[in-house]
2 protein chains.
Amino acid sequence: MSRWKPDAHGRLMGAAIELFDERGYDATTVAEIAERAGLTKRTFFRYFSDKREVLFSGADQLQRLWLEGIAGAPADATPLAVVTAGLDPVAEMFTERHEFAQIRARIIEANPELQERELIKLQNLAGAVERALVERGVSANAALLAAQSGVTVFHVAFAHWVEQDDPTAFRRLIAKSLADLRSLTAA
Amino acid sequence: MSRWKPDAHGRLMGAAIELFDERGYDATTVAEIAERAGLTKRTFFRYFSDKREVLFSGADQLQRLWLEGIAGAPADATPLAVVTAGLDPVAEMFTERHEFAQIRARIIEANPELQERELIKLQNLAGAVERALVERGVSANAALLAAQSGVTVFHVAFAHWVEQDDPTAFRRLIAKSLADLRSLTAA
DNA sequence: CCGTTGGATGACACTCAGTGACATGACGAT
DNA sequence: ATCGTCATGTCACTGAGTGTCATCCAACGG
């Protein structure tokens, strides 16, 4: 057919975001996304395992950054401190994607199916963080709960960050969420 | 057609569990479940919003029991203590369903789709617990994090309870999970 | 005894997500 | 020029989920 075009993955993501934003997730078919990207439905599924995944392919990068951050944390820090300190590189990257994150959040907020996918991505993240902690020598139980708590802190902070308009507020919101967690488990 | 039979909901659940256990979730079609229950695919979807939901209709009862337990907690307890104390009625009910829970857990463990649904049910639970705390006068932020943490404690304890063979161990596992959480956030 | 009404179910056609198998066309290497 | 490979297209198919209408059955009032 016509000549090969680059960045099919990116074109599909862009087309999907546009259409979801215009008509909503449910009212958009995979065939329509593919058509706007100049491709076919079959090719869409070569790049994304399912329709939802087009909104979640950034999760890999988030996980990589977080694990790098954890690896760079001081050796004598407590498990939970390691986990939250590891969010520094993540905060940096998010700063530049605030608007995209807001659009994406609006789409996800309107769809239970997408919320399910978001939660399992978070859970996978927690599993990866947990393994990273165990490799640092943290006990299995502490690693599990620190990872879960750390992801909860991240999730709460992220939700607030998306709701407000300052792209640079991420680090501050993480600190606040962590402080809140500490204060209520201290008693 | 043939005579009307009672408890269509229960028959569909039973047929589904049997088939999922025999052949696995993916290899079972809704039409097959309905056929074993003496019904049609269309009727299945009148009782369950989708195929997964047949494994999660117990979540409503869990939520109800937990909220009752929270309502019965001492007025001067800390938010997290209120939440975990509220699990007493839940522990009681689970004691009688240990075997069912084990079969169900095996099915869910083998299927990412089902894990997604499980997580969102947990999240909905957290939302309900959070609202219950707010109604008790807990601040919005403390309620959010106490509910999230409480559900995490529940989730961890539940996973351990399913893995082992003592149906009565639930309360003890909750206490242990809570103690672990406290010890790692105290530092 | 009969007609009516309402709730539960069946029948059927339809859309759309997702997959498997195979074809095609561009491109680089030899 | 030919070969192989990679990205994509084509097509047929399964199965989830829905809208719509038909049918059956029990309860109820006259």
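Nothing here was measured: the structure is a model prediction, and the numbers come from that model. Each chain gets a letter, A, B and so on, in the order its sequence line appears, and its residues count up from 1.
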Take atom CG of A:Asp7 and atom C1' of D:dT8, then tell me their distance rounded to the nearest Å. 16 Å

Ion pair A:Glu32/A:Arg23, N-O distance below 4.0 Å: yes

Residues of residues 112-123 of chain B with a heavy atom under 4.0 Å from any atom of DNA chain D, listed by number, are none

Does a nitrogen or oxygen in the side chain of B:Tyr47 sit under 4.0 Å from OP1 or OP2 of C:dT9? yes

Nearest whole angstrom, please: distance from the P of C:dG10 to the CD of B:Glu35. 12 Å

Evaluate the side-chain proximity of A:Met13 to A:Tyr47: yes if any heavy-atom separation is below 4.5 Å, no if none is. no

Interatomic distance, CD@B:Glu118 vs CD1@A:Ile120, rounded to 0.5 Å, equals 9.5 Å

Measuring from the side chain of B:Ala8 (C-beta onward, heavy atoms only), which nucleotide among D:dT8, D:dG9, C:dT9 has the closest atom? C:dT9

Summarise how protein sits on nucleotides 14-22 of chain D as a single string, 5' to 3': B when a protein heavy atom is under 4.0 Å from the base, S for sugar-phosphate-only contact, - for no contact. -SBBBBB--

List the residues meeting salt bridge (Lys or Arg N to Asp or Glu O under 4.0 Å) with B:Glu18, not counting sequence neighbours, and say none if there are none. B:Arg36

Determine: side-chain N/O of A:Thr40 to OP1/OP2 of D:dG9, distance under 4.0 Å, yes or no. yes

Cation-aromatic face contact B:Arg104/B:Phe56, 6.0 Å, 45 degrees: yes

Can you tell whether the side chains of A:Arg117 and A:Asp50 come within less than 4.0 Å, N to carboxylate O? yes

Is it possible for you to check whether B:Arg52 lies under 6.0 Å from the centre of the six-membered ring of B:Tyr25, through NZ or CZ, and within 45° of that ring's axis? no

Name the pairs: protein N/O against N/O of nucleotides 4-6 of chain D, kept only if under 3.5 Å.
none

Can you tell me how far apart NE2 (A:His160) and CG (B:Leu144) are? Round to the nearest 0.5 Å. 6.5 Å

Can you list the residues that meet the ring-ring contact (aromatic ring centres under 6.0 Å, His included) rule with B:Trp66, with sequence neighbours excluded? B:Phe154

Can you find a pair of side-chain heavy atoms, one from A:His98 and one from A:Phe170, that are under 4.5 Å apart? no

Under 4.0 Å between a side-chain N/O of B:Thr43 and OP1 or OP2 of C:dT9, yes or no? no

Does A:Asp60 have any salt bridge (Lys or Arg N to Asp or Glu O under 4.0 Å) partners at least two apart in sequence or in another chain, and if so, which? none

